[in-house]
Structure formats: structure tokens, C-alpha cells
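All remarks here apply to the structure that follows.
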Amino acid sequence: MKEKVSEFAEKVYSNLKKVPKGKVTTYRELAKSINSKSYQAIGQVLRRNPFAPIVPCHRVVKSNGQIGGFMGETNGAAVAKKINLLKSEGIFVKDNCVVDFENKLFKF
DNA sequence: AGAGCACTGATCC
DNA sequence: GGATCAGTGCTCT
């Protein structure tokens, strides 16, 4: 796979890295901040994530506070790990939903 | 060129 | 409240 990414992906990663620890963001806010309406494209790019350890893709959740997916799995061990990671950052997740999501939500 | 996707909003029941 | 349809832009095959 290529480590090169398009401008779109670059913006996504750039904005995502701006999210402070202990906070989460949504695909919607992220897409809007990069002037794009394609939320799926965000997921697509993050899924292929060429900067896996560099970009905190686990800090991105759905607009309703649900986890969404992780490493290509909408629900599974990968998601469980994502939840565990968030928990380490002070973000608790219950039933695939972020606890006190609105408070943890980071807005650009 | 075509299909798929880690989504969302609107619509329908 | 849940299920389904449509729209959307980008990546992969």
C-alpha cells in the first residue's frame, strides 16, 4: 500500500491529530472541518489508515456517540481494543456508546 | 470504470 | 423508537 495520501486524507489526519487527549470527535465535525460532506470518505480513509499509530483514529466516533468501527470491524476485538484505549484516556464507553459523549466531544 | 465504505439525514412505519 | 432510502466523496480492484 502507498504511504502517500491525497490532500483530503492529509486534512483528515491533520485535524484528527489536533484532537486533545481525553476528547473525541465525530465524523460529521471532522468532515465539516475539512470542508467535505462525505462522512463515508472519512471512514474509508481512516480505515485504510496509512498512519495507524500516528493518527488517533480511535478518537473518532459517530454523531450519536457510538463507537462506529475500528480496523475494519464494526464490532469485534478491534472495537473492544478501541474502547479500552479510550478508557485509558479517561473516556468511558458503554455498549459501544461513549459515556458523557457531549462532554467529551471536541469541536473545531 | 465500477463497487464498496469505520456515515448521516430524511423519510416511513 | 427502529428500519429503510438516498446522498455523498474517496479508495481499492
Side-chain angles (χ1 to χ4, degrees):
Chain A
M1 297 306 191
K2 53 185 68 162
E3 300 162 5
K4 293 287 192 179
V5 295
S6 55
E7 251 180 90
F8 173 79
E10 195 176 325
K11 285 182 192 172
V12 174
Y13 301 132
S14 215
N15 279 324
L16 187 51
K17 281 190 288 195
K18 283 196 289 198
V19 179
K21 173 171 170 267
K23 291 270 192 181
V24 294
T25 190
T26 65
Y27 291 97
R28 179 141 72 79
E29 290 298 311
L30 196 52
K32 277 161 83 154
S33 57
I34 65 175
N35 201 32
S36 204
K37 344 187 273 182
S38 191
Y39 317 107
Q40 297 225 270
I42 307 285
Q44 186 72 265
V45 175
L46 285 174
R47 182 189 180 213
R48 306 295 173 183
N49 193 357
F51 298 103
I54 305 175
V55 177
C57 24
H58 59 271
R59 241 174 248 166
V60 185
V61 295
K62 304 213 288 189
S63 63
N64 65 338
Q66 280 192 319
I67 291 301
F70 194 56
M71 290 178 72
E73 296 186 29
T74 51
N75 192 5
V79 177
K81 176 135 181 90
K82 172 172 177 176
I83 293 172
N84 189 37
L85 238 74
L86 290 170
K87 195 158 49 178
S88 298
E89 298 187 349
I91 301 170
F92 286 79
V93 177
K94 174 120 187 160
D95 204 27
N96 269 18
C97 294
V98 177
V99 178
D100 203 7
F101 160 69
E102 293 180 30
N103 190 33
K104 311 290 187 189
L105 178 60
F106 174 78
K107 291 159 204 155
F108 292 93

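Each chain gets a letter, A, B and so on, in the order its sequence line appears, and its residues count up from 1.
A:Lys23 has no carboxylate O lying under 4.0 Å from a charged side-chain N of A:Glu89, or vice versa, which leaves the two without a salt bridge.
Counting to the nearest Å, the P atom of C:dC5 and the CD atom of A:Gln40 are 15 Å from each other. Counting to the nearest Å, the C1' atom of C:dC10 and the CG atom of A:Leu30 are 14 Å from each other. What separates NZ of A:Lys81 from C1' of B:dA6 is a distance of 18 Å, to the nearest Å. Between the C1' atom of B:dA6 and the CZ atom of A:Arg28 lies a distance of 17 Å, rounded to the nearest Å.
Residue A:Arg48 places no side-chain N or O under 4.0 Å from the OP1 or OP2 atom of B:dC5. Here A:Ser63 reaches the OP1 or OP2 of B:dT8: one of its side-chain N or O atoms lies under 4.0 Å away. Between A:Ser38 and C:dG7 there is no side-chain polar atom (N or O) within less than 4.0 angstrom of OP1 or OP2.
Listed nucleotides: B:dC7, C:dC10, C:dG9. Nearest to the side chain of A:Ser6: C:dC10. When distances run from any side-chain atom of A:Arg47 to the nucleotides B:dT8, B:dA6, C:dG9, the shortest one goes to B:dA6. Listed nucleotides: B:dT8, B:dA6, C:dG9. Nearest to the side chain of A:Ala41: C:dG9. Of the candidate nucleotides C:dC10, B:dA6, C:dG7, B:dA6 has the atom nearest to the side chain of A:Leu46.
A:Asn15 and A:Lys18 share a donor-acceptor pair across their side chains, judged by distance under 3.5 Å alone.
Atom CG of A:Asp100 has more than 12 heavy atoms from other residues, nucleotides or ligands within 6.0 Å.
Checked by atom type and distance alone, the side chain of A:Arg59 pairs as donor or acceptor with a backbone atom of A:Val19 at under 3.5 Å.
The residue among A:Tyr39 and A:Ala9 whose nearest nucleotide of DNA chain C lies closer to the 5′ end is A:Tyr39.
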